[in-house]
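Structure below; questions to follow.
Quantities reported herein were computed from a predicted structural model and do not represent experimental measurements. Only this structure's heavy atoms are used, side chains among them; waters, hydrogens and symmetry mates stay out.
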Amino acid sequence: MDFDKLFEQSGFVLLYLTVALVGAAVVTGLLVFFFKKDKLGDFKKYVIGIATGFAICAFTLMTYLKAQCNKMDDTVMNDMIFIPIIVELSIAIAGVVAMLICSLFNKKAVKISALITGILLVGGFIAIIVEMSKFYDSVQAKYNADLIGLIVTAVVAIAVIVAIYFCGSKRSISDTRSIVYGAVAIALSFALSYIKFFEMPQGGSLTFASLLPLMIYCCMFGTRRGVVACLIYGVLQAVQDPWIIHPMQFLLDYPLAFGMIGVSGIFIEKNVFKFTGKKQRLNQILGFTCGALVAVVGRYVCHVCTGVFAFHTWADLVTYSSVTVYSMAYNSFAFADMAVALGAGIMMLMSKAFVTQMTRSGDIGKASIKAPVQEIEEEDDGFVYLDDIKAEKEASEISDIKEDL
């Protein structure tokens, strides 16, 4: 892969994308300023969040491309795999931006843009699988993966991810705050994943609490949104640490393995621990710890399965009694990586100020608060819609007529 050329092309793409985002921010700012000035403060926070996430991702990606110029082994990742993954990520980013823009005009437009984005993502995913299948056919004699084992474990892992998703509480997809925070969490985790204490020879590493931002996000905004953010982060990891030999191995080692991290906030979301008084802070700490333990087990199982069914040719059978034992020992780095994130997270949750801010910024627990029917139907997501403007104008006209009478 010609990373020099890719680095140059990526620079132009990021430049044009930056110009587009600035233009969208200006237009959006004008709409908010003229139609609902009281929301201008929230708009500024959203702009800062999007700009921060975009800057972190752009800087990290460009630094990585520059450092990896002409160093990648084409037998592990080549253009036919790399490019479709980049396209898939671009579709996801464009879809998020489209949803944010549509949320300013009409709530139905958000759902339409989400549907279109979903269709494009499915199409891009199919293209990734096709290209990976072609790549595996060209190197099948070298790797000779156990296809049945990979397919069965991938299907089971997908079923677990779906179950985790539906265990979470249903929340609005058009909530702008959760989208912005999700983008920032993914960007921070992606950047932290480059700070490595050590790196394993066939993929995997011990990082500087790279999963912590995503885990905190899951605790703030719920399991469903957390799973989606973690799946996207898993695809990003395929760009950063690419050891891909088969489509099912890609699914297990990247989106599905990291998608398991989405369960981190389930115990806090379901309010499992109910200490009161001075022990109330234990609710977050114990919920966070239990969620992290469940998440790391799910990730670990995915990695072990790929070690057994895809990377068995690398197994050290001299030291270990079987491929399974070798895979279990090799992938134990996942527990060390989670331990670092867990320790840092517990230290943060011991801070009363941090917990207060986390609770205030997120929406965990707020969805269960009973509200009048009118408030539920017309939930304020922090932005002004043209439909709301028309309704306010009609109400004002009716009020004027009543006064005249």
Side-chain angles (χ1 to χ4, degrees), residues 156-173 175 177-178 181-182 185-186 188-189 209-234 256-302 334-371 376 379:
V156 173
I158 291 173
V160 172
I161 289 290
V162 172
I164 291 173
Y165 178 85
F166 283 105
C167 281
S169 302
K170 187 176 180 181
R171 300 178 188 277
S172 174
I173 62 172
D175 181 69
R177 182 187 295 271
S178 67
Y181 272 76
I186 293 172
L188 288 174
S189 289
S210 61
L211 296 177
L212 182 58
L214 285 171
M215 295 166 67
I216 295 296
Y217 177 78
C218 295
C219 294
M220 292 175 60
F221 292 98
T223 301
R224 292 195 174 191
R225 294 167 179 164
V227 166
V228 174
C230 291
L231 288 172
I232 295 174
Y233 175 75
L256 293 180
F258 288 99
M260 296 291 180
I261 306 300
V263 78
S264 300
I266 189 68
F267 291 90
I268 294 179
E269 182 179 22
K270 297 301 181 181
N271 195 25
V272 175
F273 301 99
K274 301 179 180 179
F275 291 98
T276 58
K278 296 181 179 180
K279 296 183 178 180
Q280 188 174 2
R281 195 177 302 176
L282 290 175
N283 295 333
Q284 283 78 20
I285 295 176
L286 290 177
F288 180 76
T289 302
C290 292
L293 293 176
V294 175
V296 71
V297 170
R299 178 191 175 189
Y300 176 71
V301 171
C302 289
F335 290 100
D337 193 42
M338 179 59 74
V340 176
L342 182 58
I346 291 176
M347 292 180 62
M348 295 174 68
L349 291 173
M350 291 177 66
S351 169
K352 183 178 180 180
F354 176 80
V355 174
T356 301
Q357 185 60 41
M358 185 180 77
T359 305
R360 183 183 302 169
S361 300
D363 60 5
I364 292 297
K366 298 177 182 178
S368 61
I369 299 176
K370 294 182 178 180
I376 295 176
E379 182 180 359

Evaluate side-chain contact (heavy atoms from CB on, under 4.5 Å) for K270 paired with T223, printing each intermediate quantity in order.
CA-CA 10 Å; K270 297 301 181 181; T223 301; over 6 Å; no
Closer than 3.5 angstrom, by distance alone: can the side chain of R299 be matched with the main-chain N or O of A257 as a donor-acceptor pair?
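A pair under 3.5 Å: no.
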Nearest atoms (heavy-atom pairs only) where M260 meets I161:
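Looks like N-CD1, 3.6 Å.
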Heavy atoms only: give me the nearest A157-C302 pair and the separation to one decimal.
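Answer, listing the atom of A157 first, then C302: CB-SG, 4.2 Å.
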Among residues at least two apart in sequence or on other chains, which ones pass side chain to side chain donor-acceptor pair (under 3.5 Å) with Q280?
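Counting only residues at least two positions away or on another chain, Q280 forms no side chain to side chain donor-acceptor pair (under 3.5 Å).
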Do any side-chain atoms of residues 210-219 form donor-acceptor pairs under 3.5 angstrom with protein atoms, and if so which ones, sequence neighbours left out?
| from | atom 1 | to | atom 2 | distance (Å) |
| --- | --- | --- | --- | --- |
| S210 | OG | T207 | OG1 | 2.7 |
| Y217 | OH | S178 | O | 2.9 |

Whether S264 side chain and I261 backbone form a donor-acceptor pair below 3.5 Å
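Here the side-chain-to-backbone pair exists.
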Which of parallel (below 30°), tilted (30 to 60°) and perpendicular (above 60°) describes Y181 and F221?
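Y181 vs F221 ring planes: tilted.
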Answer yes or no: is there a donor N or O on one side and an acceptor on the other, between the side chain of Q284 and the main chain of V355, under 3.5 Å?
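A pair under 3.5 Å: no.
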What's the spacing between M350 CE and L282 CG if we round to 0.5 Å?
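Result: 9.5 Å between the selected atoms.
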Which side-chain N or O atoms in residues 285-294 pair as donor and acceptor under 3.5 Å with protein atoms at least two apart or in another chain?
| from | atom 1 | to | atom 2 | distance (Å) |
| --- | --- | --- | --- | --- |
| T289 | OG1 | I285 | O | 2.7 |

Atom pair CD/CZ of E269 and R224 - distance to nearest 0.5 Å
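Here the rounded value is 9.0 Å.
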